[in-house]
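Just so it is clear, the structure is predicted and the values come from calculations on it, not from any experiment. All ligand and atom numbering here is 1-based and tracks the order in the structure.
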Amino acid sequence: MELLLLRGKDQEELFAQARAKRSEHFGDEVVVRGVNEITNQCRVNCVFCPMRRENTRANTDFRMDSERLVDVAASVKASGIDVVFFQGGEIPQTTRVVGEAIPGIRELYDGNVEILLNLGNKRRSEYEYLREQGATSYILKFETSDPELNKQARQETLDSRMKCLQDLLDLGYRVGTGSIIGLPGQDVVSVARDLIFARDLGVHMCSVAPFIPAPNTPLANHPAGDVELSLNAIAVSRLLEPNWLIPAVSALSKRAGEGQYRGLMAGANVITVNFTPNEERDHYLIYGRDRFVVKRDYASELIARTGLRTRGSVFLEPMTGGISPLLQPSPAGA
Ligand code: SF4
């Protein structure tokens, strides 16, 4: 808690320590992912999300098919990125769509690709099927470790999410989780508990994102999450678990122009570039309509400004420990 509340010179010192830990464990490198948001339909009713179940009818909904997923993955590959990330609302249909796309994507990359998924709670047999098809990793955020707050925010039980996280770990996925900072009723004690909770889960990746109030949600008028607290939570995460992949999430930039830069300077080591085709991206309302979209050029400039270098997946075997050949600068105009 004390670390989370540091500001000024002490906060800078905390960030410096987090950077030193990152450097020790990963070198001065940042993993770059390419995300495609594959559907905005969702059966869950999270109070902070404009794609919540109650909004489905009012939104222009979409669901991509397997061929489109392979096409978008080809653009990710053309950009020199070897982490293909599929994210979408929690609906059972994504299991088959993604499962059928994975072999074609692996073929595009001759197998040298990390397939990362963020598709919500599913049955163990569905996770098993996706793993067999070639999925590498999965992100499932618990959002808050306080069971009461969790129930209020997600309108689901924390236990059901924990069961899914355990299934993913059992099945050999590289697993990511994460929390939101600034939910109603949350305080700094709760944020500190979230970080310890994540550490004890034994996951491989963990994110912290400031809450962003979105229109047409029950939390539309709730104040946004504190960016400084979020940055400190990133730094503390790095100190708690130096081996974690920790993203500098786009929500940091939505809240403060330099947020993602500061996220990297606070010890984060992942940037996600958005490859969702324009037509669908306009309907993926994760933070409302005016969300900040990270493009590849922006990500490259951002990483260069921090003095770090881009690298490929850390989950591919054999681990090279260096810059993935796929992430060498792309030819002009690519
Ligand atoms: S945060 Fe995810 S699970 Fe919750 S309503 Fe939005 S899309 Fe669905």
With a cut-off of 2.8 Å, how many protein N, O or S atoms neighbour atom 6 (Fe) of ligand 1?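 Count of protein N, O, S atoms less than 2.8 Å from atom 6 (Fe) of ligand 1: 1.
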Between [X] and [Y], is any side-chain donor less than 3.5 angstrom from a side-chain acceptor?
X      : Y      : result
Gln11  : Asn232 : yes
Arg68  : Asn36  : no
Glu114 : Thr136 : no

Taking all heavy atoms of Lys122 and all of Pro92, pick out the closest pair and write down the distance.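 Taking every non-hydrogen atom into account, NZ-O, 3.9 Å.
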Report the C-alpha distance between Leu316 and Tyr109 in whole Å, list the side-chain angles of each, state the deciding distance to 0.1 Å, and finish with yes or no for side-chain contact (heavy atoms from CB on, under 4.5 Å). CA-CA 12 Å; Leu316 296 183; Tyr109 280 88; over 6 Å; no
Counting only heavy atoms on the protein side, is anything nearer than 4.0 Å to atom 3 (S) of ligand 1?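 Protein heavy atoms within 4.0 Å of atom 3 (S) of ligand 1 - there is at least one.
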Val273: partners by side-chain contact (heavy atoms from CB on, under 4.5 Å), with sequence neighbours left out: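 Scan of Val273 (side-chain contact (heavy atoms from CB on, under 4.5 Å), adjacent residues dropped) gives Val32, Ile81, Phe275, Arg296, Ala299.
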